[in-house]
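What you see is a predicted model, and the numbers here were worked out from it, not measured in a lab.
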Amino acid sequence: MATYRELLAKESPEMQARVAERVEAVSIQIALSMLRDELNISQTELAAAMGVKQPSVARIEQAGNDPRLSTLKRYVQALGGELSLDVTLPTGKRVAFHL
């Protein structure tokens with residue numbers, strides 16, 4: 001039986017790009033809800049800490065959502081955390097920004 005990666009490798013570059021975009025979108029959703037779940041905080045509690053209503057938090061965590069960096073910063077700060085951005089340059093050098 002072929003693996004997922006083997007099957008994907010047989011697809012067109014366009015299909016591979018669409019799959020990569022969907023995986024990235026879902027990864028953000030999963031990561032955000034995992035952060036919140038790790039701290040055992042509900043969407044309603046997080047919304048109160050952010051000064052928004054619960055549907056706003058649900059939209060931030062929704063698959064396909066592309067939240068702004070400022071929104072991610074507010075989300076993480078409301079959880080009591082600090083947002084950092086880690087950039088890897090083509091040279092291999094890594095640069096971190098603490099936002």
Side-chain angles (χ1 to χ4, degrees):
M1 176 178 267
T3 67
Y4 166 76
R5 291 183 192 275
E6 291 169 344
L7 292 173
L8 186 60
K10 294 178 183 178
E11 295 294 335
S12 70
E14 294 82 15
M15 174 61 91
Q16 291 179 23
R18 284 195 304 271
V19 168
E21 286 175 22
R22 290 188 141 211
V23 166
E24 182 179 341
V26 171
S27 295
I28 291 171
Q29 173 204 15
I30 291 169
L32 291 177
S33 62
M34 283 177 61
L35 288 174
R36 188 174 47 72
D37 288 345
E38 176 72 25
L39 298 170
N40 200 29
I41 296 174
S42 70
Q43 285 185 343
T44 303
E45 292 167 324
L46 181 58
M50 291 178 72
V52 299
K53 296 188 184 298
Q54 179 274 330
S56 295
V57 173
R59 271 192 303 279
I60 293 168
E61 293 180 354
Q62 184 177 15
N65 183 30
D66 190 11
R68 297 174 66 162
L69 195 53
S70 59
T71 302
L72 289 175
K73 182 178 178 180
R74 283 183 50 223
Y75 185 100
V76 171
Q77 286 177 331
L79 290 172
E82 180 182 302
L83 183 65
S84 296
L85 181 65
D86 189 50
V87 177
T88 303
L89 300 172
T91 61
K93 181 179 179 180
R94 294 179 72 169
V95 180
F97 299 94
H98 299 283
L99 308 172

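Between Met50 and Ala78, the shortest heavy-atom contact is CG-CB, 3.3 Å. Ile41 approaches Arg36 most closely through the heavy-atom pair O-CG, 2.8 Å. For Leu32 against Tyr75, the heavy-atom pair with the smallest separation is O-OH, 2.9 Å. Residue Gln54 comes nearest to Thr44 through the heavy atom pair CG-OG1, 3.7 Å, listed as atom of the first residue, atom of the second, then distance. Nearest heavy atoms, Thr88 versus Arg94: OG1-CG, 3.6 Å.
Atom NZ of Lys10 sits about 14.5 Å away from atom CE of Met15, to the nearest 0.5 Å. The structure places NE2 of His98 at 6.5 Å from CD of Glu82, a figure rounded to the nearest 0.5 Å. Separation of atoms OG (Ser70) and CG (Leu83) is listed at 10.5 Å; rounding is to 0.5 Å. Atom CG of residue Leu85 and atom CG of residue Leu72 lie 10.0 Å apart, to the nearest 0.5 angstrom.
A donor and an acceptor atom, one from each side chain of Arg74 and Thr71, are nowhere located under 3.5 Å apart.
The local environment of CG in Asp37 is crowded, with over 12 non-hydrogen atoms from other residues, nucleotides or ligands closer than 6.0 Å.
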